[in-house]
Amino acid sequence: MFISFEGIDGCGKSTQARLLVRHLEARGTPVLFNREPGGSDGAEAVRALLVEGDPGRWSPVSELLLYMAARRDNLERRIAPALARGDWVVSDRWTDSTRVYQATRGGDRAVVDALQDLVIAREPDLTFVIDMDPERALTRGLARGGEEDRFEQLGLDFQRTIRAGYAALARDYPGRIRIVDGDAAPEAVADRVRALLP
Ligand code: TMP
């Protein structure tokens with residue numbers, strides 16, 4: 001099984017990805033945890049190009065090419081071998097992030113989909129979108145520190161657009177994407193996630 005977690009910044013998806021990994025390990029399922037962009041050495045090097053420096057340093061198209069380059073390298077070196085061994089993979093974001101974020105930042109969704117088909121050609125078997133009101137995510141982020149920079153940089157309206165983007169994507173992929181209400185204690189959200197596992 002290849003499972004991804006998606007959602008707006010501060011929705012708690014990284015916590016949920018880690019809780020699912022812990023649950024799978026506890027029941028004896030071999031599992032690889034992955035965080036996008038990143039993973040392989042090459043993908044981590046590309047990650048630095050994406051997350052450091054001026055937010056406007058890349059054009060929308062070059063930005064999405066970098067995300068796809070990082071993903072391809074990580075897929076070849078870590079994800080595909082793990083799946084071939086029969087391990088589970090739990091990924092904190094995958095191409096749905098590129099579909100939603102890069103389209104919102106001025107990239108072309110058709111280009112993302114074409115590149116996905118050409119160079120990645122692997123969708124998760126199951127995707128959890130951890131849904132949360134952006135204002136609530138912002139308050140939570142401020143309470144625990146660490147998320148406020150990104151919200152300040154991108155803005156509440158941007159996060160609202162991203163949330164709507166995920167809702168639309170869930171309609172495009174009804175068999176794969178499950179929307180999970182993230183507005184509860186992490187363990188309660190994790191129970192909802194586990195209830196949706198095959
Ligand atoms: P994070 O919240 O999972 O740390 O993700 C880092 C940021 O990168 C987040 O704001 C979403 C963004 N992102 C994209 O814009 N496109 C992508 O393909 C991925 C994987 C992340």
Side-chain angles (χ1 to χ4, degrees), residues 2-21 33-40 42-75 78-79 89-124 127-132 134 136-138 140-142 144-166 169 177 182 186:
F2 178 18
I3 297 178
S4 65
F5 282 84
E6 297 279 352
I8 65 167
D9 296 278
C11 68
K13 68 177 170 43
S14 306
T15 302
Q16 290 306 320
R18 289 179 190 282
L19 286 173
L20 180 60
V21 167
F33 171 74
N34 180 59
R35 175 191 68 158
E36 293 276 301
S40 62
E44 289 291 337
V46 175
R47 179 185 176 91
L49 295 175
L50 283 161
V51 301
E52 289 167 13
D54 176 21
R57 75 189 283 201
W58 305 110
S59 74
V61 175
S62 50
E63 184 181 69
L64 89 82
L65 289 171
L66 286 169
Y67 277 111
M68 292 309 230
R71 189 162 301 136
R72 170 72 196 208
D73 190 67
N74 191 32
L75 175 69
R78 291 173 71 241
I79 309 275
V89 173
V90 173
S91 189
D92 185 349
R93 301 193 181 280
W94 191 251
T95 303
D96 293 327
S97 283
T98 323
R99 290 184 170 110
V100 174
Y101 278 81
Q102 271 57 62
T104 304
R105 291 166 69 86
D108 187 338
R109 167 75 190 275
V111 176
V112 180
D113 284 334
L115 285 171
Q116 164 69 18
D117 290 348
L118 276 171
V119 300
I120 306 295
R122 188 68 168 89
E123 299 281 3
T127 295
F128 295 110
V129 171
I130 306 299
D131 183 52
M132 181 167 295
R136 175 112 174 85
L138 173 59
R140 277 174 23 134
L142 289 174
R144 68 166 188 264
E147 299 279 355
E148 64 268 45
D149 284 358
R150 195 171 293 151
F151 267 95
E152 268 165 23
Q153 226 178 313
L154 300 172
L156 212 46
D157 281 345
F158 178 86
Q159 301 292 344
R160 287 196 185 104
T161 310
I162 296 292
R163 186 191 197 196
Y166 278 119
L169 208 58
I177 298 182

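All values derive from a computational prediction rather than experimental measurement. As the structure lists them, so they are numbered: ligands from 1, and atoms in each ligand from 1.
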Practice task
To the nearest 0.5 angstrom, please state how far the CD atom of Gln16 sits from the CZ atom of Phe128.
Solution key: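 If I round to the nearest 0.5 Å, the distance is 9.5 Å.
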Handout entry: Gap separating the CG atom of Leu156 from the OG1 atom of Thr161, nearest 0.5 angstrom
Key = 10.0 Å
Sub-3.5 Å N/O-N/O distance, [X] and ligand 1:
{"X": "Thr98", "value": "yes"}
{"X": "Tyr101", "value": "no"}
{"X": "Arg47", "value": "no"}
{"X": "Ser14", "value": "no"}

Answer with side chain, backbone, both or neither: which part of [X] has a heavy atom less than 4.0 angstrom from an atom of ligand 1?
{"X": "Arg105", "value": "neither"}
{"X": "Arg93", "value": "side chain"}
{"X": "Lys13", "value": "side chain"}

Which atoms of ligand 1 sit under 4.0 Å from any heavy atom of [X]?
{"X": "Glu36", "result": "20 (C)"}
{"X": "Asp9", "result": "2 (O), 9 (C), 10 (O)"}
{"X": "Arg71", "result": "18 (O), 20 (C)"}
{"X": "Gln102", "result": "14 (C), 15 (O), 16 (N), 17 (C), 18 (O)"}

Exercise for the section: For the residue pair Ser97 and Glu6, confirm or rule out a side-chain donor-acceptor distance under 3.5 Å. Expected result: yes
Practice task
Please determine, by modelled atom types, if Ser4 and Thr127 share a side-chain donor-acceptor pair under 3.5 angstrom.
Solution key: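 Distance-only check passes for Ser4 and Thr127.
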Handout entry: ring pair (Phe, Tyr, Trp, His ring centres under 6.0 Å) partners for Tyr67, two or more places apart
Key =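 If we apply the ring pair (Phe, Tyr, Trp, His ring centres under 6.0 Å) test to Tyr67, skipping adjacent residues, there are no hits.
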Problem - Residues forming a ring pair (Phe, Tyr, Trp, His ring centres under 6.0 Å) with Phe33, sequence neighbours excluded - result: none
Practice task
Could you tell me how the ring of Tyr101 sits relative to the ring of Phe158: parallel (under 30°), tilted (30 to 60°) or perpendicular (over 60°)?
Solution key: tilted
Practice task
Take atom CZ of Arg109 as the centre, draw a 6.0 Å sphere, and report whether it contains more than 12 heavy atoms from other residues, nucleotides or ligands.
Solution key: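 Yes, enclosed.
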